[in-house]
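First the structure, in the form of structure tokens, and then the observations on it.
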Amino acid sequence: MTQTTPPETATGDAETYDAVALQEKWRRVWDEREPFTADDDSPREKRYALTMFPYPSGDLHMGHAEVFALHDVVARYWRFRGYEVMNPIGWDSFGLPAENAAIRNDEHPSTYTYANIETQAASMRHYGLAFDWSRRLHTSDPEYYRWTQWLFTKFRERGLAYRKNSAVNWCPQDQTVLANEQVVDGACERCGAEVTKRELTQWYFRITDYAEELLGELDALEATWPNRVVTAQRNWIGRSEGAHVSFVVEGRDEPLRVYTTRPDTVFGATFMVVAADAPLAAELCTDDQQEALEAYRAEVRRASDIERLATDRPKTGVFLGVHATNPVTGAQVPVWASDYVLADYGTGAIMAVPGQDQRDWEFAARFDLPVIRTVQPPADFEGEAFTGDGAAINSANDEIDLDGMGVAEAKAVVIPWLESKGLGEGTVNYRLRDWLLSRQRYWGVPIPVVHCPSCGEVDVPEDQLPVELPELRGADLKPKGVSPLAAAADWVNVDCPSCGGPAKRDSDTMDTFVDSSWYFLRYCSPHYTGGPFDPAVTNAWMNVDLYIGGVEHAVLHLLYARFFTKVLRDMGLLETGEPFGAQLNQGFVINQGKKMSKSLGNGVNLGAQLDEFGVDAVRLTLVFAGPPEDDIDWSEMSPSGSLRFLQRAWRLAGDVTSAPGTDPAGGDAALRSTTHRTVEEVQRLVEGHKFNVVVARTMELVNATRKAIDTGAGPADPAVREAAETVAQLLSLVAPYVAEEMWERLGHEPCVAQSTWLGVDPALLVQASVTAVVQVQGKVRARLEVSPDISAADLEAAAMADEGVQRAIEGRAVRKVVVRAPKLVNVVV
RNA sequence: GCCCCCGUGCCCCAACCGGCAGAGGGAACCGCCUUAAAAGCGGUCAGUUCUGGGUUCGAGUCCCAGCGGGGGCACCA
């Protein structure tokens with residue numbers, strides 16, 4: 001609300017501040033002073049506050065406003081507590097929206113990108129955020145992506161980046177491949193188009209090499225990471241224990257190896273299934289069945305991922321014409337191909353045990369294949385396959401007898417036996433696949449590899465990095481299924497760095513998640529030219545102490561960043577293997593119970609809210625709304641109420657009449673106690689991320705101070721000054737403009753954000769007396785004012801002496817007295 | 001289908017280790033102030049803490065079952 005300060009003589013009207021004037025005044029001061037620049041060489045203990053850097057799509061919106069407001073509370077709080085705080089900001093500035101805008105507007109993607117960055121940066125300044133602007137970075141700057149390329153080269157040196165041909169996820173809308181993590185329910189995570197499959201040779205990062213560690217270290221993160229993120233990552237990595245078992249196939253030297261989590265059921269394996277789209281299927285298939293297989297494969301290819309994902313779809317498949325030998329029963333079992341077996345999980349083939357696996361049961365029922373139960377179902381069991389625990393049956397041959405054993409025991413017995421016979425071995429499997437990083441689009445990091453007809457894949461030498469993007473714009477960028485870079489002849493044709501012969505650059509660009517997998521390291525030494533980051537400085541700042549951002553990155557960015565950190569540790573560049581100590585996921589800002597969207601027309605414009613209520617009131621509203629993880633329904637919030645509160649707080653500063661620097665000792669003891677207890681509790685609350693309660697406690701302190709001024713100690717009492725100054729400091733966590741103005745009004749030099757936080761005096765925390773509750777049979781019968789350090793015996797005696805208590809007992813025999821000094825006594829009769 | 005989180009007054013939400021259910025805000029209503037309104041100040045209102053059981057001297061809090069809401073995984077052998 002653009003309020004004008006009323007004239008001094010206004011009668012009866014409460015004095016109000018002008019939010020717009022304050023914002024202009026203090027922003028100028030902050031821009032000049034840059035009070036939040038972190039010092040690498042500070043002797044103070046370091047803290048690293050990080051918020052997920054934004055993609056520059058237009059201006060900031062309500063979601064940004066929330067996450068930045070929450071994040072700022074922590075960064076500013078740490079500064080108050082005496083830490084050297086690094087609170088950097090930058091932009092994740094490669095990506096498709098800029099490219100699509102460039103095609104639409106016949107311009108270069110950088111135009112859109114850097115214009116939006118400037119808009120957002122200005123909005124952030126306006127929003128009063130405690131960022132260290134000296135560390136600002138953009139992933140699309142050549143100075144940054146040079147090091148992204150350097151890292152790719154190092155990954156290749158370590159065998160962690162490789163090319164392979166396989167069926168990959170293809171987004172027909174964005175005309176590029178996608179990583180598994182970017183496919184949600186068979187649709188593109190970005191644009192929602194239905195994903196199809198393509199057979200392509202693409203670059204991968206070998207993240208599966210780190211699967212065990214990525215999983216194992218989640219245990220330690222459980223204490224400080226949101227539960228749902230840890231769970232999502234565990235599910236995504238998907239570790240399972242089982243065994244490889246080999247089946248001899250007629251007319252073939254190589255046995256058919258399968259992965260199973262139930263080696264105990266091998267006696268019940270009555271057929272085998274190979275993934276229809278795996279090369280293995282065609283290889284095993286007899287000549288007379290080739291035609292049938294080909295027809296089936298064509299049918300499978302036609303089915304979309306979305307159809308494939310429907311678990312209630314009837315089973316389909318085709319017999320491959322061959323049989324294999326069950327290694328424990330000697331039975332000849334048919335080998336089939338089906339799309340319910342996945343080519344890229346395990347060995348791409350399974351032993352089918354219909355008695356113990358529902359999917360196998362359905363397949364067996366459909367194609368009339370035999371079922372042998374190897375676990376005894378309970379007497380009342382009415383299902384089909386029995387997947388529960390029970391005694392093994394039908395599971396013995398001349399050499400081994402599992403009958404009567406439970407599932408766990410049978411597994412423990414059969415695996416060593418299989419190993420001793422050379423028929424298989426215990427193994428661990430993961431659902432996690434390698435990270436596909438190639439993208440067939442322009443606005444990303446060029447892959448620094450040259451393809452040479454004689455030397456093969458050759459790294460671009462370090463001294464030739466960065467491989468900069470060629471200047472393409474508008475129609476040059478139109479998706480054609482191959483990277484636009486491939487058509488830039490001048491750029492793509494190069495001499496081989498190894499032999500000097502004619503060669504071609506790799507024309508794909510990297511997934512933008514590569515850029516964001518290490519930006520938090522670059523912040524530590526953003527201008528370093530000797531490598532991606534200065535190890536000494538970076539190790540001094542890392543880990544990130546609190547990482548705030550959206551939960552949509554639970555498995556994407558957060559898993560990739562953990563992977564990069566571990567690799568960099570193994571390269572000797574980092575001491576830590578886990579980048580993010582603690583993490584917080586904010587909820588969404590919604591409106592009228594629904595996500596804001598153009599189609600619903602329920603969007604709330606951040607700029608309009610800021611114009612109407614001021615930055616401070618909007619920030620306060622977002623922080624006060626509820627726990628940070630909860631969604632905020634803006635229609636249920638009251639920014640005008642927030643503004644009212646801020647006006648009330650600000651008025652306190654004008655009422656204080658004592659001089660700055662007045663010693664609070666001797667001031668109103670009750671108010672001093674309230675002030676110190678508030679600060680003490682706020683400390684606990686910020687550490688626990690209960691920022692909404694921080695605001696509530698600040699409100700209480702304002703109320704108490706108001707009361708002291710009007711009807712208590714009066715405006716000259718030194719405790720009133722102490723309280724008002726504390727209000728200004730607490731408020732600066734959330735409402736920096738009005739806090740700064742209060743601080744100045746109280747006679748201090750700027751900036752309140754750099755002032756010294758009230759040291760909590762433990763003597764002021766103890767109250768002179770506390771109310772002890774006396775219960776009889778759990779019902780409150782008396783309240784006693786007692787000393788906080790009263791002994792249990794004294795409290796009990798006082799309680800039993802109370803008239804009301806005696807009346808409640810009424811001569812009945814006291815069976816037990818529970819005493820919790822100094823707060824409670826419970827008499828049981 | 002499996003796993004995880006959440007259910008407190010009309011609304012948003014507090015409540016530390018199991019100890020008086022209510023801190024804060026919003027809404028509504030009533031006063032004071034005002035010619036009047038807004039602002040300001042003061043006050044009022046509300047409950048089987050989703051339901052049912054259990055543990056305990058004592059349960060919003062712990063355990064079990066259910067209902068409702070949200071999320072993750074899901075043909076991964």
Side-chain angles (χ1 to χ4, degrees), chain A residues 3 6 10-16 185 226-236 238-240 242 258-262 265 273 275 308-313 315 338-342 344-353 356-360 362-363 429-433 551 554-555 587 620-621 624-627 629-633 635-642 644-645 647-648 651 681 684-685 688 690 692-703 706 710-711 771-780 782-783 815-820 823-829:
Chain A
Q3 305 209 353
T11 53
D13 281 343
E15 199 189 6
T16 58
D185 293 333
N227 180 292
R228 51 182 171 168
V229 175
V230 173
T231 310
Q233 292 211 1
R234 280 206 186 109
N235 283 339
W236 191 259
R239 181 183 197 273
S240 73
V258 301
Y259 172 71
T260 178
T261 55
R262 294 293 303 275
T265 64
V273 187
R308 272 185 61 117
L309 285 165
T311 50
D312 52 357
R313 201 167 53 99
K315 295 279 176 288
S338 173
D339 65 353
Y340 87 89
V341 172
L342 306 176
D344 56 354
Y345 183 78
T347 63
I350 62 157
M351 64 178 203
V353 187
Q356 271 71 234
D357 184 291
Q358 184 60 26
R359 298 155 299 183
D360 297 344
E362 286 163 17
F363 195 86
N429 218 338
Y430 299 92
R431 214 189 72 107
L432 181 72
R433 314 295 207 275
V551 73
V555 284
L620 184 93
T621 304
F624 185 50
E629 304 85 353
D630 287 7
D631 288 350
I632 297 171
D633 193 329
S635 66
E636 288 168 348
M637 296 300 127
S638 172
S640 59
S642 298
R644 245 180 354 248
F645 161 72
Q647 298 284 8
R648 207 158 59 235
R651 245 172 261 139
E681 205 187 347
R684 201 165 50 76
L685 291 167
K690 298 182 171 193
N692 54 324
V693 191
V694 169
V695 174
R697 293 288 169 267
T698 307
M699 288 172 168
E700 282 181 76
L701 184 57
V702 168
N703 294 343
R706 181 83 262 158
D710 291 348
T711 61
T771 306
V773 173
V774 186
Q775 300 173 330
V776 178
Q777 302 292 76
K779 277 190 174 170
V780 180
R783 286 162 212 275
R815 283 197 305 170
K816 186 172 172 184
V817 181
V818 180
V819 184
R820 292 283 179 273
K823 294 186 70 180
L824 179 128
V825 177
N826 190 16
V827 183
V828 187
V829 291

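What you see is a predicted model, and the numbers here were worked out from it, not measured in a lab. Just so it is clear: chains get the letters A, B, ... in the order the sequence lines come, proteins before strands, and each one is counted from 1.
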* Atom pair CZ/CD of A/Arg697 and A/Glu700 - distance to nearest 0.5 Å ->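 So the CZ of A/Arg697 and the CD of A/Glu700 are separated by 4.5 Å.
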* Distance from A/Asn703 atom CG to A/Thr698 atom OG1, nearest 0.5 Å? ->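 Between A/Asn703 CG and A/Thr698 OG1, I get 11.0 Å after rounding to 0.5 Å.
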Pick base, sugar-phosphate or nothing for [X], based on heavy-atom distances below 4.0 Å to the nucleic acid.
X: A/Gln358; answer: nothing
X: A/Arg651; answer: sugar-phosphate
X: A/Ser338; answer: nothing
X: A/Asp630; answer: sugar-phosphate
X: A/Met351; answer: nothing
X: A/Thr231; answer: nothing

[N] pairs with which nucleotide, Watson-Crick or G-U wobble, both distances below 3.5 Å?
N: B/U35; answer: none
N: B/C45; answer: none
N: B/A27; answer: none
N: B/A59; answer: none
N: B/C2; answer: B/G72

Nucleotide nearest [X] when distance is taken to its side chain, options [options]:
X: A/Arg644; options: B/G26, B/C41, B/G24; answer: B/G26
X: A/Ala232; options: B/G25, B/G58, B/G72; answer: B/G72
X: A/Tyr340; options: B/G26, B/C75, B/A23; answer: B/C75
X: A/Pro627; options: B/G19, B/C13, B/A77; answer: B/C13
X: A/Leu342; options: B/A77, B/G58, B/A15; answer: B/A77
X: A/Thr261; options: B/G24, B/A77, B/C57; answer: B/A77
X: A/Ala696; options: B/A23, B/C75, B/G26; answer: B/A23
X: A/Lys690; options: B/A15, B/A74, B/A77; answer: B/A15
X: A/Arg648; options: B/C75, B/G25, B/C57; answer: B/G25
X: A/Val693; options: B/A77, B/G40, B/A23; answer: B/A23

Length of the line joining [X]:[atom1] and [N]:[atom2], which is rounded to integer Å:
X: A/Arg697; N: B/A23; atom1: CZ; atom2: C1'; value: 5 Å
X: A/Arg684; N: B/A14; atom1: CZ; atom2: P; value: 13 Å
X: A/Asn703; N: B/C41; atom1: CG; atom2: P; value: 9 Å
X: A/Glu636; N: B/A27; atom1: CD; atom2: P; value: 14 Å
X: A/Met637; N: B/C11; atom1: CE; atom2: C1'; value: 9 Å
X: A/Leu824; N: B/A59; atom1: CG; atom2: C1'; value: 14 Å
X: A/Asn429; N: B/A77; atom1: CG; atom2: P; value: 7 Å
X: A/Leu685; N: B/C13; atom1: CG; atom2: C1'; value: 14 Å

Please confirm whether any donor atom in the side chain of [X] sits under 3.5 Å from an acceptor in the base of [N], or the reverse.
X: A/Asn235; N: B/C73; result: no
X: A/Arg262; N: B/A77; result: no
X: A/Arg228; N: B/G71; result: no

* Mind telling me if B/C17 is syn or anti? Syn here is a glycosidic angle within 90° of 0. =>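 Syn.
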Using the [atom1] atom in both, what is the distance from [N] to [M], to the nearest Å?
N: B/A15; M: B/C62; atom1: P; answer: 13 Å
N: B/C13; M: B/G26; atom1: C1'; answer: 11 Å
N: B/A14; M: B/G25; atom1: P; answer: 15 Å
N: B/C32; M: B/C5; atom1: C1'; answer: 48 Å
N: B/C2; M: B/G18; atom1: P; answer: 30 Å
N: B/C33; M: B/C41; atom1: C1'; answer: 8 Å

Would you say the side chain of [Y] lies within less than 4.5 Å of the side chain of [X], judging by non-hydrogen atoms?
X: A/Val555; Y: A/Gln233; value: yes
X: A/Val353; Y: A/Arg262; value: no
X: A/Met351; Y: A/Thr265; value: yes

* Nearest-nucleotide 5' precedence on RNA chain B, A/Phe645 against A/Gln777 ->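 Closer to the 5' end of RNA chain B: A/Phe645.
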* To do: Would you kindly compare A/Arg239 and A/Asn227 by the position of their nearest RNA chain B nucleotide and give the one closer to the 5′ end?
  =>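 Counting from the 5' end, the first nearest nucleotide belongs to A/Asn227.
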* In terms of ring plane angle, is the pair A/Tyr345 and A/Tyr259 parallel, tilted or perpendicular, where the classes change at 30° and 60°? ->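 Correct class here is perpendicular.
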* Is A/Lys315 positioned over the aromatic face of A/Tyr340, cation under 6.0 angstrom from the ring centre and no more than 45 degrees off axis? ->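 Positive - A/Lys315 is close enough to the ring of A/Tyr340 and near enough to its axis.
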* Pair A/Asp344 + A/Arg433: basic N to acidic O under 4.0 Å ->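 Salt bridge between A/Asp344 and A/Arg433, a charged N being under 4.0 Å from a carboxylate O: yes.
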